Amino acid sequence: MSKANGNYTKQSQTNSRAPEELNDLIYNGEQDKGDRTVRVRSYQKSDPLNIALRFIKFRVRSQWEVENRLRREGFKEEVIKETIEKLIENGFIDDEKFAYLYAYDSLVIHYKGPYRIRYELRQLHVDEYIIEDVIRKVLNEVDVQEIIEKLTEGLDERKKREKLYRHGFGGEW
């Protein structure tokens with residue numbers, strides 16, 4: 001910011017280098033910054049496998065999510081297909097495992113019902129047979145009545161029904 005006529009004005013801080021030139025400057029190793037040496041981590045924009053691995057590093061992702069991310073990064077369909085095959089071979093992408101973990105966490109941690117979980121998994125393009133199998137498995141493993149009691153504690157019957165419906169527990173609960 002600079003002070004002009006008693007008022008502060010924001011100066012533009014644009015970089016004169018094109019984005020392609022900036023990508024060329026990124027490298028592995030160490031960079032000398034005068035009195036100190038800074039480690040530089042490489043992020044290769046042109047490597048779809050690295051981009052996909054960074055994307056799935058923080059949580060399990062569905063195959064569709066990874067494909068979609070690679071499309072947004074601008075990769076061609078054949079490159080995306082090869083990358084997805086490598087990730088599946090090495091066990092980084094597994095829609096069944098993803099759906100199970102998503103459904104379990106949604107029910108136990110977020111108190112979402114089976115109808116809402118089913119809807120969200122469909123939005124993530126998980127196959128229907130996987131969704132049905134996973135929901136059946138999770139409902140058998142978890143005490144749903146205990147979750148419903150926690151979710152509706154202190155509410156009258158009408159408000160309990162409304163809250164359960166909003167959370168995706170149909171009328172049978």
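The shown structure was predicted, so the numbers you read here are calculated from the model rather than taken from an experiment. For reference, positions follow the sequence shown, starting with 1.
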- prompt: Is there a side-chain contact between Lys150 and Glu146 (heavy atoms, below 4.5 Å)?
  reply: yes

field: Val142 reachable from Phe169 in the ILVMFWY side-chain graph, under 4.5 Å edges
entry: yes

Pairwise side-chain contact, Ile88 with Asp94, heavy-atom cut-off 4.5 Å (strictly under): no

field: For the student: nearest non-hydrogen atoms of Val134 and Glu96, plus distance
entry: CG2-O, 4.1 Å

message: Restricting to side-chain hydrogen bond (donor to acceptor under 3.5 Å, both in side chains), what partner residues turn up for Lys160, sequence neighbours left out?
response: none

query: Closest heavy-atom contact between Ala99 and Val126?
result: CB-CG1, 4.1 Å

message: Strictly distance-based, threshold 3.5 Å: is any side-chain N or O of Asn140 a donor or acceptor partner for the main-chain N or O of Arg136?
response: yes

query: When you look at CD of Glu78, are more than 12 heavy atoms from neighbouring residues, nucleotides or ligands closer to it than 6.0 Å?
result: no

message: Checking the side chain of Asn90 only, and the main-chain atoms of Lys86 only, is there a donor and an acceptor separated by less than 3.5 Å?
response: yes

- prompt: Taking the side chain as C-beta and beyond, is there a heavy-atom pair between Ile117 and Ile131 under 4.5 Å?
  reply: no

task: With rounding to the nearest 0.5 Å, note down the distance linking CG in Asp127 to CD in Gln63.
output: 8.5 Å

query: Between Tyr102 and Phe98, is the ring centre distance below 6.0 Å?
result: yes

message: Going by side-chain contact (heavy atoms from CB on, under 4.5 Å), Lys163 matches just one of His167, Lys159, Arg161. Which one?
response: His167

- request: Look at atom CD of Glu128 and say whether more than 12 heavy atoms of other residues, nucleotides or ligands are closer to it than 6.0 Å.
  value: yes

message: Grouping I, L, V, M, F, W and Y whenever their side-chain heavy atoms are under 4.5 Å apart, do Tyr129 and Val138 come out in a common cluster?
response: yes

- prompt: Salt bridge between Arg59 and Glu65, side-chain N to carboxylate O under 4.0 Å?
  reply: yes

message: Please determine whether residues Tyr165 and Leu107 belong to a single hydrophobic cluster, defined as Ile, Leu, Val, Met, Phe, Trp and Tyr linked transitively by side-chain heavy-atom distances below 4.5 Å.
response: no

- prompt: Which value, rounded to the nearest 0.5 Å, describes the distance between Thr83 atom OG1 and Arg69 atom CZ?
  reply: 13.5 Å

field: Straight-line distance of Asp95 CG to Leu124 CG, nearest 0.5 Å
entry: 9.5 Å

- request: Would you please say whether a donor-acceptor pair under 3.5 Å links the side chains of Tyr100 and Glu141?
  value: yes

- request: Apply the test side-chain contact (heavy atoms from CB on, under 4.5 Å) to residues Phe55 and Leu70: give CA-CA distance (whole Å), side-chain angles for both, the deciding distance (0.1 Å), then the verdict.
  value: CA-CA 10 Å; Phe55 185 57; Leu70 293 174; over 6 Å; no

field: Linked, directly or transitively: Val79 and Ile51 (ILVMFWY side chains, under 4.5 Å)
entry: yes

Separation of Leu121 CG from Tyr119 OH (nearest 0.5 Å): 12.0 Å

message: Do the side chains of Glu120 and Arg116 get close enough for a salt bridge, i.e. N-O under 4.0 angstrom?
response: yes

- request: Enter the distance from Ile84:CD1 to Glu67:CD here, rounded to the nearest 0.5 Å.
  value: 5.0 Å

message: What's the separation between atom CD1 in Ile80 and atom CZ in Arg71, rounded to the nearest 0.5 Å?
response: 5.0 Å

SB check Glu162 Arg158 (cutoff 4.0 Å): yes

